[in-house]
Amino acid sequence: MKKIRTRFGFAPSPTGYMHIGNLRTALYAYLFAKSQDGDFILRIEDTDRARYVADAVEFIENTLAAAKIIPDEGPHHGGNFGPYVQSERMAIYKKYAEELVENGYAYRCFCVNHEDENTNDEEKKFGGYNRHCRDLDREELEANIVARKPYVIRQKMPLTGETTFFDVLHGNITIANSELEDQVLLKSDGMPTYNFANVIDDHLMGITHIIRGAEFITSTPKHVLLYKAFGWELPTFIHLAPVMGKSEDGTVSKLSKRHGATSFNDLVEMGYLPEAITNYVALLGWNPKTTNQEIFSMAELIEKFSLDGLSKSPAVFDYNKLDWMSGEYFKAMTDEEFAKAADKFFGELDENLASKKVYLSSLLKTRVAKLSEIPAMIKFLQEMPPFDAELFINKRNKVTVEKSIEIIKPALEMLEKVEDWTLDTLNEKIAAFTENSGLKTGTVMWPLRIAISGQKVTPGGVVEILYLLGREEGLKRLTDALDALSNVKQ
RNA sequence: GGCGCUAUCGUCAAGUGGUUAAGACACCGCCCUUUCACGGCGGGUUCGUGGGUUCAAAUCCCGCUAGCGUCACCA
């Protein structure tokens, strides 16, 4: 018995946008294929001319590459089952559609598409196509062809009985044939519909497993009927539950714009690491049963992945958890790695700060969930926020405006004598200063930190900030604060 | 509306007839602390509902409800 190689297809539309749910489907297909030592095939479903977006194929390929999902075959990945772009396969669909017509599984339909005619009639709304051309007599049919009337090819559904198919997640699913419409297979422009093309291509490309969203469950019987009409072997179906989003009012619905970022790219632009996104998405609807581990590399994901860990129910996309996971990735990075990843979020830094990016990274990496938080977090280093005396007053550390002056003044005098403006020296001097003052560390540090940062919350403490600011700017801020504080006092 | 899918903490989830119903995120408290983080410790909250089956049900069956999906010359 020959072992059939596992082959998974991923067939996105070139819309210039990769929804998280879509990416997850691709990821699961990839993980399963690789765990079986099988193939992951990228195919572009571009049969809807109206939706075509320029460069969208490259966009899809780049996105997959960023997510470390590498197709074995695809438009630009080679393979022996091409072309991998549906619009280049029109002759193939035509041929199979004709075969269906000849064998009585499909028919030509000359009815015009009245999509503009709006009808308020509820029955019509749910009625579907009325099958007018299903049994045209030969004369009328030929007259239409001679007259070159445009037509579509429709699938001839059985009027009775039911169709059952097996889904790995859901088991057997049965739908009455009477529920199935005589759907269009080949459009009047000669393009196939998804429902037709996907069957032809999956078969021709030797796809063994179809993994896709649950929204395709109801149309699967139509596909199954097509496989049967051609006498082809059925692939294994896996229908994934959708990825949901939670609105502010608490309602849950399919993840969409109103829930914020919905595409892989949106997330990357917000400063989440691709690895972290992939890791999080992998766990959104799948769990590795045998372990409580949550941080996985792609290699580990492949090793651990199995179908029985897939969840049947919808999963809500949770930014909290993504933030946490993202933070875990940042914390695991070296300062250099973080500096590199964060580079474009640092913005225009002055020469001094630019030279301290790596050190700055050591401060930032434990405080950031996404890189886009960086600009707001480091702004005070480049530009002193407006003076606010209120900030100096701190009950817990027993600091008042007056007390602040008492601390800042001698501290400034002491620091002015420090030439070696390094972390070690600064640390040592300030520790000694605190010691000599006889005050609690917090009491000394509070007003100093406020004076040089102008903010209640900062990444790092007095020593770190002083170092980052550099000697000149550090002393200047202390001086300015002292002046401003003195004015307040009188 | 017809048809279909789903139903364990706020969220991701383990669980497959007998468990103190794991774990993680979030939340709250404490510790650490130079603010915020990091790290450590602890805490609360969960089986949608009604019927069965069974000595025993989160687990099996049925109804209900709710959510989602689908009913295109879109995928």
Side-chain angles (χ1 to χ4, degrees), chain A residues 11-13 15 22 45-48 50-51 109 111-113 115 122-123 125-129 150-154 167 169-170 173-176 178-181 183-195 197-198 212-221 239 241-242 244 246 250-254 280 283-294 309 311-325 327 331 363-368 377 394 396-397 430-431 434 440-446 448-450 453 455-465:
Chain A
S13 293
T15 57
N22 232 221
E45 306 247 354
D46 63 342
T47 56
D48 184 0
R51 280 210 206 173
C109 170
C111 298
V112 259
N113 176 28
E115 59 179 60
E122 280 295 308
E123 279 186 34
K125 189 178 170 193
F126 297 118
Y129 174 61
Y151 64 86
V152 298
I153 291 180
R154 287 185 184 271
D167 180 284
L169 252 57
H170 305 282
I173 294 176
T174 300
I175 290 177
S178 56
E179 291 296 322
L180 309 176
E181 203 187 336
Q183 63 170 350
V184 171
L185 263 19
L186 215 58
K187 309 182 205 177
S188 52
D189 64 0
M191 282 283 193
T193 57
Y194 163 82
N195 288 306
N198 106 286
R212 67 203 345 178
E215 64 268 26
F216 289 107
I217 287 180
T218 14
S219 48
T220 302
H239 288 97
M244 313 294 277
K246 195 176 205 169
T251 56
V252 166
S253 57
K254 205 168 160 186
Y280 173 70
L283 260 27
L284 199 60
W286 172 76
N287 108 49
K289 305 282 187 183
T290 55
T291 172
N292 274 335
Q293 183 182 340
E294 299 204 83
S311 156
K312 291 195 281 189
S313 42
V316 176
F317 191 95
D318 181 7
Y319 284 95
N320 275 328
K321 184 109 189 205
L322 207 216
D323 281 355
W324 166 77
M325 190 168 281
K331 277 177 264 174
L363 259 26
L364 258 22
K365 72 178 187 182
T366 57
R367 290 166 231 258
V368 156
M377 218 170 255
N394 182 285
R396 189 165 157 256
N397 288 313
I430 290 177
T434 306
K440 282 207 218 157
T441 311
T443 309
V444 176
M445 297 298 182
W446 183 269
L448 289 178
R449 195 174 53 83
I450 299 297
S453 71
Q455 305 183 157
K456 217 172 211 165
V457 174
T458 54
V462 175
V463 173
E464 291 82 358
I465 297 169

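Not measured: the values here are computed from a predicted model. Protein chains get the first letters and strands the later ones, always in sequence-line order, with residue 1 at the start of each.
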**Request:** For B:A37, take OP1 and OP2 only and decide whether either is under 4.0 Å from a side-chain N or O of A:K365.
**Result:** no
**Item:** Among B:C25, B:G39, B:A7, the one nearest A:K331 by side-chain distance
**Value:** B:G39
**Item:** Of A:L322 and A:I430, the one whose closest RNA chain B nucleotide lies more 5'
**Value:** A:L322
**Request:** Using only side-chain N and O atoms of A:N287, determine if any of them is under 4.0 Å from OP1 or OP2 of B:A14.
**Result:** yes
**Request:** Indicate the atoms forming the closest heavy-atom contact of A:Y280 with A:V316, along with that distance.
**Result:** OH-O, 4.0 Å
**Request:** Select base, sugar-phosphate, or nothing to describe what A:G460 touches, counting heavy atoms under 4.0 Å on all strands.
**Result:** base
**Asked** Where the side chain of A:D318 is concerned, which of B:A24, B:C25, B:C73 is the nearest nucleotide?
**Response** B:C25
**Request:** Determine the Euclidean distance between corresponding C1' atoms of B:U11 and B:U70; express it in Å to zero decimal places.
**Result:** 27 Å
**Message:** Counting only side-chain heavy atoms from C-beta out, which of B:U11, B:C73, B:G4 sits nearest to A:V316?
**Reply:** B:U11
**Asked** Partner of B:G50 by Watson-Crick or G-U wobble geometry, both contacts under 3.5 Å, or none?
**Response** B:C62
**Asked** Contact class for A:M191 (heavy atom, under 4.0 Å): base, sugar-phosphate, or nothing?
**Response** nothing
**Request:** Would you classify A:V462 as touching base, sugar-phosphate or nothing, given that sugar-phosphate means primed atoms plus P, OP1 and OP2, and contacts are heavy atoms under 4.0 Å?
**Result:** base
**Message:** Categorize A:V368 for me: base, sugar-phosphate, or nothing, with a 4.0 angstrom heavy-atom threshold over every strand shown.
**Reply:** nothing
**Prompt:** Looking only at side-chain N and O atoms, does A:K440 come under 4.0 Å of OP1 or OP2 in B:U34?
**Reply:** no
**Prompt:** Any idea which heavy atoms bring A:K187 and A:T47 closest together, and the distance?
**Reply:** NZ-O, 2.9 Å
**Message:** Does B:U33 have its OP1 or OP2 closer than 4.0 Å to a side-chain nitrogen or oxygen of A:T441?
**Reply:** no
**Request:** Starting at CG of A:L284, measure out to CE of A:M244 and round the result to the nearest 0.5 Å.
**Result:** 11.0 Å
**Prompt:** Given side chains that start at C-beta, do those of A:N394 and A:K456 come closer than 4.5 Å, heavy atoms only?
**Reply:** no
**Request:** May I ask you to say what A:F216 touches in the nucleic acid, namely base, sugar-phosphate or nothing, with a heavy-atom cut-off under 4.0 Å?
**Result:** base
**Asked** Looking across every strand, which nucleic acid part, if any, lies under 4.0 Å from A:T458 by heavy atom: base, sugar-phosphate, or nothing?
**Response** base
**Asked** Base, sugar-phosphate alone, or nothing: which one does A:T174 contact when heavy atoms must sit under 4.0 Å apart?
**Response** sugar-phosphate
**Request:** Test side chain to side chain contact (heavy atoms under 4.5 Å, CB included) on A:E464 and A:T458 and set out the steps.
**Result:** CA-CA 10 Å; A:E464 291 82 358; A:T458 54; over 6 Å; no
**Prompt:** Can you tell me if the side-chain N/O atoms of A:K246 get under 4.0 Å from OP1 or OP2 in B:C12?
**Reply:** no
**Asked** Within the structure, does a side-chain N or O atom of A:R367 lie under 4.0 Å from either OP1 or OP2 of B:C38?
**Response** no
**Asked** What distance, rounded to whole Å, do you find between the two C1' atoms, one in B:G43 and one in B:C9?
**Response** 14 Å
**Request:** Quick one: label A:T47 by what it contacts on the DNA or RNA (base, sugar-phosphate, nothing), any heavy atom closer than 4.0 Å.
**Result:** sugar-phosphate
**Message:** Taking pairing as Watson-Crick or G-U wobble with both contacts under 3.5 Å, can you name the mate of B:U45, or confirm there isn't one?
**Reply:** none
**Message:** Under 4.0 Å, counting only non-hydrogen atoms across every strand here, what does A:K456 touch: a base, just sugar-phosphate, or nothing?
**Reply:** base
**Fill in**
Judged by nearest nucleotide, the residue sitting upstream toward the 5' end of RNA chain B, A:H170 or A:R396, is A:H170
**Request:** Would you classify A:V252 as touching base, sugar-phosphate or nothing, given that sugar-phosphate means primed atoms plus P, OP1 and OP2, and contacts are heavy atoms under 4.0 Å?
**Result:** sugar-phosphate
**Message:** Can you confirm whether A:R212 sits close enough to A:T220 that some side-chain heavy atom of one is under 4.5 Å from a side-chain heavy atom of the other?
**Reply:** yes
**Prompt:** Contact class for A:S188 vs. all strands (heavy atom < 4.0 Å): base, sugar-phosphate, or nothing?
**Reply:** base
**Message:** For B:G1, give the paired nucleotide (Watson-Crick: N1-N3 plus N6-O4 or O6-N4; G-U: N1-O2 and O6-N3; both under 3.5 Å), or none.
**Reply:** B:C71
**Distance in Å, A:T174 OG1 paired with A:E179 CD, rounded so as to fall on 0.5 Å steps** = 12.5 Å
**Complete:** Per atom distances to the A:V457 side chain, the nearest of B:C36, B:C12, B:A26 is B:C36
**Message:** With a 3.5 Å limit on both atom pairs, tell me what B:C30 is paired to, counting Watson-Crick and G-U wobble, or say none.
**Reply:** B:G40
**Request:** State the pairing partner of B:G23; accept Watson-Crick or G-U wobble contacts with both distances under 3.5 Å, and report none otherwise.
**Result:** B:C12
**Message:** Between A:K289 and B:A14, is there a contact of a side-chain N or O with OP1 or OP2 at under 4.0 Å?
**Reply:** yes
